[in-house]
Amino acid sequence: MGILNVTPDSFSDGGRYDRVEAALDRARQMLAEGADLIDVGAESTRPGAAPVPAEEEMRRLLPVLEALLPLGVPLSVDTRKPEVAAEALALGAHLLNDVGGLRDPRMTRLAARYRVPVVIMHSPVDDPQTMMAHAVYDDVVAEVSAFLRRQTEAALAAGVPQVVLDPGFGFGKRLDHNLELLRRLNEIVALGHPVLVGLSRKRTIGELTGVMDPAKRVCGSVAAHLAAIRRGARLVRVHDVAAHAEALAVEWAVEA
Ligand code: HH2
């Protein structure tokens, strides 16, 4: 899954693809490098990020989505707002990526109505501004699993056709929480739904490697995502598609 942030302030690529032409070029590039789907987001959810009003998020997102649809590849929309999700689905988006983890029942109803799969991501609270204050767990894997199981049951009961589960790396989680989730990812995989992992360029990678510039955290990101794939993850959400495609080509040849 290639990341396309059409934001002025995303932590590693803010401001680079926030014009329609630049976004379209970036999407084409990621597809050429081997991405199977593109995740378009118009609100940064990095820790401490200020919320973006729905109108502004739509103003950024919808023209880009319209430009990408003719590419004929699956498009996922990274939003927590039902108003934004509704417009994106009406335009033709294929998948909802909800970092709010379907806490808002309107998101669930939309996915059911449009019959699209949803990425259910864990965060201790649906608020990037305060989530790091909630990075307190007895057993982070057990708590994340319980949340994902509960949200999945509600989603499927409401008619959502398919869910993808995401532990939400970095969302109200510190280095030791993220490492524990990665080490024990098989417990999330055991819930029986495809698992998506997003550690691309994140702070945890910087903490482990000492690489301060997020755009230079490529090798660490690939290593983390390979660890996830080996534990059963089916999707990785990445900025650096070519590097991941090369690593996965080798991984799959060895494991075939
Ligand atoms: N991480 C980010 C945004 N959306 N969605 C899912 N499902 N999983 C993630 O781990 C995830 C996500 C944050 O990363 P990024 O989009 O690179 O940055 P920003 O939030 O600053 O735009």
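Keep in mind the model is a prediction, meaning the values are calculated, not measured. Atoms within a ligand are numbered from 1 in the order they appear, just like the ligands themselves.
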| said: Apply side chain to side chain contact (heavy atoms under 4.5 Å, CB included) to residues H94 and L69 and explain how you reach the verdict. | reply: CA-CA 10 Å; H94 307 95; L69 279 162; 4.1 Å; yes
- Task: Please step through side chain to side chain contact (heavy atoms under 4.5 Å, CB included) for the pair T152 and H193, ending with a clear verdict.
- Result: CA-CA 9 Å; T152 295; H193 300 278; 3.5 Å; yes
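Residue N97 approaches ligand 1 through these ligand atoms, each under 4.0 Å from one of its heavy atoms: 5 (N), 6 (C), 7 (N). Remark: ligand 1 atoms within the under-4.0 Å shell around heavy atoms of S44 are 19 (P), 20 (O), 21 (O), 22 (O). Atoms of ligand 1 lying under 4.0 Å from at least one heavy atom of V99, given by number and element, are 4 (N), 5 (N), 12 (C). Close contacts of ligand 1 with G198, meaning ligand atoms under 4.0 Å from a residue heavy atom, involve 10 (O).
When only non-hydrogen protein atoms are considered, atom 22 (O) of ligand 1 lies nearest to S10 OG, 2.5 Å. At the top of the distance list for atom 4 (N) of ligand 1, counting protein heavy atoms only, stands D78 OD2, 2.8 Å. Shortest contact from atom 20 (O) of ligand 1 to any protein heavy atom: T45 N, 2.8 Å. The nearest protein atom to atom 9 (C) of ligand 1, hydrogens excluded, is given as K202 NZ, 3.6 Å; this is a heavy-atom distance. Distance from atom 6 (C) of ligand 1 to its nearest protein heavy atom, with residue and atom name: D166 OD2, 3.1 Å.
A tilted orientation is assigned to the rings of H225 and H244, their planes being inclined by 30° to 60°.
We find that R201 and D240 are joined by a salt bridge, their nearest charged nitrogen and carboxylate oxygen being less than 4.0 Å apart.
Checking E43, R237, R201, H239 against atom 2 (C) of ligand 1, the nearest heavy atom belongs to R237.
Inter-residue side-chain proximity for L89 and L96 is flagged as met; some heavy-atom pair is nearer than 4.5 Å. At least one side-chain heavy atom of L196 sits less than 4.5 Å from a side-chain heavy atom of M1.
Look at V119 and you'll find a heavy atom under 4.0 Å from some atom of ligand 1.
With respect to K81, the salt bridge (Lys or Arg N to Asp or Glu O under 4.0 Å) criterion is satisfied by exactly one of E57, E56, E55: E57.
The side chain of N5, and not its backbone, has at least one atom closer than 4.0 Å to an atom of ligand 1 (non-hydrogen atoms only; side chain from C-beta on).
Separation of the F171 and H122 ring centroids does not fall under the 6.0 Å cut-off.
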